[in-house]
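What follows is a set of notes on a single structure, which appears directly below.
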Amino acid sequence: MSGTRHPNPMVGLGLRREMLDEFCQQTPNQIEFFEVAPENWMTLGGKFGKQFKQLTERYAFFCHGLSLSIGSPEALDVEFVKNIKTFLDAHNIDVYSEHLSYCSGTGHMYDLMPIPFTDDAVSYVAKRIKQVEDILERPFILENVSFYAAPGAQMSEQDFVNAVLSEADCQLLLDVNNIYVNSINHQYDALKFLKAMPSERIKYLHVAGHYEEDVDLRVDTHGADVIDPVWKLLEQCYQIHGVYPTLLERDFNIPPTSELLKEINQIHALQQQGIASK
């Protein structure tokens, strides 16, 4: 499907606590929204809480969760989802996304585990997504994730992602770096996967760096600069699907803002190029 929509060509950055002092004083104009993991901010009070509120009153914020565990065999943690809703309401945040994975079973695993690519898993996850939407009173946005094994797979990752999106009738956070990482680790065509994603379901995009463990193994770390093949894939994404808000993820080895702005400006340039090409 050829993209023609340009809902809002914004560029954002993942917010870390160590950035609060700087951005409360001055946020560069190139940074047009922030993304946070609500689990890391929901219980903050004192100075951090005040600074966070100051920023949410001035800038657009998206929330990208870490521990919902949408594919977990355990019952959905309804109380946790209610706490997420309270946080979103308090800061007037409408955008909430999570990973197409799970991170809990009999306990919390502190890692994102692959959901088996099966028809049963599609139905199971879709029902849980609708349950979350009912509680949050917001659309659910699902991210395609990096994974390193596919236990019990009965279909491809591409087919699984599309099946969940269709059955749950939810939106997509399209992570371009995850497509590239998986294409190396699982030997598939990244561009073919990208083209198979439904343009009409995309809400926003992620781009990030990763670690090259070996020639055929990449690890999704968000701790390095974005590499040229991922930039190329982002450029192709804009050409195929249209231009969407795009977030630069950088979770550690965080350079000074002046260095981050080089990558943020690269996103801006690719967005304008994508708009001009339509």
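Computed from a prediction, not measured in an experiment: that's the story for all the values here.
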Checklist entry - Does the separation of the ring centres of Tyr59 and Phe23 fall below 6.0 angstrom? => result no
Next on the checklist: Contact between Thr246 and Leu270 at the side-chain level, heavy atoms closer than 4.5 Å - yes or no?
Outcome noted: no
Checklist entry - Rounded to the nearest 0.5 Å, what separation is found between the CG atom of Leu44 and the CD atom of Gln51? => result 10.0 Å
Checklist entry - Is there a side-chain contact between Ile84 and Ile135 (heavy atoms, below 4.5 Å)? => result no
Checklist entry - For residues Gln158 and Tyr188, is any side-chain donor paired with an opposing acceptor at under 3.5 Å? => result no
Checklist entry - Checking side chain to side chain donor-acceptor pair (under 3.5 Å) against Ser97, which of Glu143, His64, His206, Lys203 comes through? => result His64
Next on the checklist: Tell me every residue that passes ring pair (Phe, Tyr, Trp, His ring centres under 6.0 Å) with Phe33, counting only those two or more places apart in sequence or in another chain.
Outcome noted: Phe62
Checklist entry - So how far is it from Asp134 CG to Leu136 CG, rounded to the nearest 0.5 Å? => result 9.5 Å
Checklist entry - For the residue pair Arg250 and Pro255, what are the closest heavy atoms and their distance? => result CZ-CD, 3.8 Å
Item to check | hydrophobic_cluster_shared for Val11 and Ile275, side chain cutoff 4.5 Å | outcome: yes
Checklist entry - Does the side chain of Ser183 reach to within under 4.5 Å of the side chain of Lys192, using non-hydrogen atoms? => result no
Checklist entry - Just how far is it from atom OH of Tyr238 to atom CD of Gln272, taken to the nearest 0.5 Å? => result 10.0 Å
Checklist entry - Is any side-chain heavy atom of Asn177 less than 4.5 Å from a side-chain heavy atom of Val226? => result no
Next on the checklist: Can a donor-acceptor pair be found, under 3.5 Å and without considering hydrogens, that links the side chain of Lys130 to the backbone of Asp169?
Outcome noted: no
Next on the checklist: For a quick test of reading the model, state the closest non-hydrogen atom pair linking Met19 to Ile254 and the distance between them.
Outcome noted: CE-CG2, 4.0 Å
Next on the checklist: Quick check against the 3.5 Å criterion: does Arg138 have a side-chain atom that pairs as donor or acceptor with the backbone of Ile93?
Outcome noted: yes
Checklist entry - Are Leu191 and Leu205 in one and the same hydrophobic cluster, where Ile, Leu, Val, Met, Phe, Trp and Tyr link if side-chain heavy atoms are under 4.5 Å apart? => result yes
Checklist entry - Out of curiosity, does Val122 fall in the hydrophobic cluster containing Ile141 (side-chain heavy atoms, cut-off under 4.5 Å, transitive links)? => result no
Checklist outcome for this item: On a heavy-atom basis, the closest approach of Phe160 and Pro116 is CE1-O, 3.6 Å
Checklist entry - How would you list, by chain and number, every residue that makes a salt bridge (Lys or Arg N to Asp or Glu O under 4.0 Å) with Arg16, sequence neighbours excluded? => result Asp251
Checklist entry - Among Val176, Leu174, Ile179, whose side chain to side chain contact (heavy atoms under 4.5 Å, CB included) with Leu234 holds? => result Val176
Next on the checklist: Is there a side-chain contact between Met197 and Cys237 in this structure, where contact means two heavy atoms from C-beta onward sitting under 4.5 Å apart?
Outcome noted: no
Checklist entry - Between Arg201 (side chain) and Cys170 (backbone), is there a donor-acceptor pair under 3.5 Å? => result yes
Next on the checklist: Has Glu39 got a side-chain atom pairing as donor or acceptor with Leu66's backbone, closer than 3.5 angstrom?
Outcome noted: yes
Checklist entry - Is Leu247 reachable from Tyr180 through a run of hydrophobic residues whose side-chain heavy atoms are each under 4.5 Å from the next? => result no
Checklist outcome for this item: In short, Leu165 meets Pro198 closest at the heavy-atom pair CD1-CG, 3.9 Å
Checklist entry - Taking the side chain from Gln30 and the backbone from Leu261, do they hold a donor-acceptor pair closer than 3.5 Å? => result no
Next on the checklist: What verdict does the side-chain contact (heavy atoms from CB on, under 4.5 Å) test give for Val161 and Leu142, after you've listed the backbone C-alpha separation in whole Å, the side-chain angles of each residue and the deciding distance to 0.1 Å?
Outcome noted: CA-CA 9 Å; Val161 171; Leu142 201 62; over 6 Å; no
Checklist entry - Does a sphere of radius 6.0 Å around CD in Glu18 hold more than 12 heavy atoms from other residues, nucleotides or ligands, not counting ones at 6.0 Å or beyond? => result yes
Item to check | Minimum side-chain heavy-atom gap Val78-Gln131 below 4.5 Å | outcome: yes
Checklist outcome for this item: One should read off an interatomic distance between Gln171 CD and Glu133 CD, to the nearest 0.5 angstrom, of 8.0 Å
Checklist entry - Any side-chain heavy atom of Asn40 within less than 4.5 Å of one from Val36? => result no
Checklist entry - Would you say the side-chain atoms of Ser277 pair up with the backbone N or O of Gly274, donor to acceptor, closer than 3.5 Å? => result yes
Checklist entry - Given the side-chain rings of Phe34 and Phe52, with only the six-membered ring counted for Trp, is the space between their centroids under 6.0 Å? => result no
Next on the checklist: Using modelled atom types and a 3.5 Å cut-off, is there a donor and acceptor pairing between side-chain atoms of Glu98 and backbone atoms of Ser67?
Outcome noted: yes
Item to check | Verdict with reasoning, His268 to Ile264, per side-chain contact (heavy atoms from CB on, under 4.5 Å) | outcome: CA-CA 6 Å; His268 277 292; Ile264 287 171; 3.8 Å; yes
Checklist entry - Which atoms form the tightest heavy-atom contact between Ala208 and Val230, and what is the distance? => result O-CG1, 4.2 Å
Next on the checklist: Donor-acceptor check, side chain of Asn144 to backbone of Asp175, threshold 3.5 angstrom: yes or no?
Outcome noted: yes
Checklist entry - Which heavy-atom pair separates Gly71 from Val125 by the least distance, and what is that distance? => result CA-CG2, 4.2 Å
Next on the checklist: Please check: side-chain N/O of Thr56 versus main-chain N/O of Lys53, any donor-acceptor pairing under 3.5 Å?
Outcome noted: yes
Item to check | Tyr204 and Tyr244 aromatic centres sub-6.0 Å | outcome: no
Checklist outcome for this item: The salt bridge (Lys or Arg N to Asp or Glu O under 4.0 Å) partners of Glu235 (sequence neighbours excluded) come to Lys232
Checklist entry - Would you say the side-chain atoms of Glu74 and Ser69 include a donor-acceptor pair closer than 3.5 Å? => result no
Checklist entry - Linking I/L/V/M/F/W/Y whenever any side-chain heavy atoms sit under 4.5 Å apart, do Leu248 and Phe61 land together? => result yes
Next on the checklist: Any non-hydrogen side-chain atom of Asp189 less than 4.5 Å from a side-chain atom of Leu194?
Outcome noted: no
Checklist entry - Rounded to the nearest 0.5 Å, how far does OH of Tyr96 lie from CG of Leu173? => result 12.0 Å
Item to check | NE2-CD distance between His241 and Glu200, expressed to the nearest 0.5 angstrom | outcome: 9.5 Å
Checklist entry - Between the main-chain N or O of Val145 and the side-chain N or O of Asn182, is there a donor-acceptor pair closer than 3.5 Å? => result yes
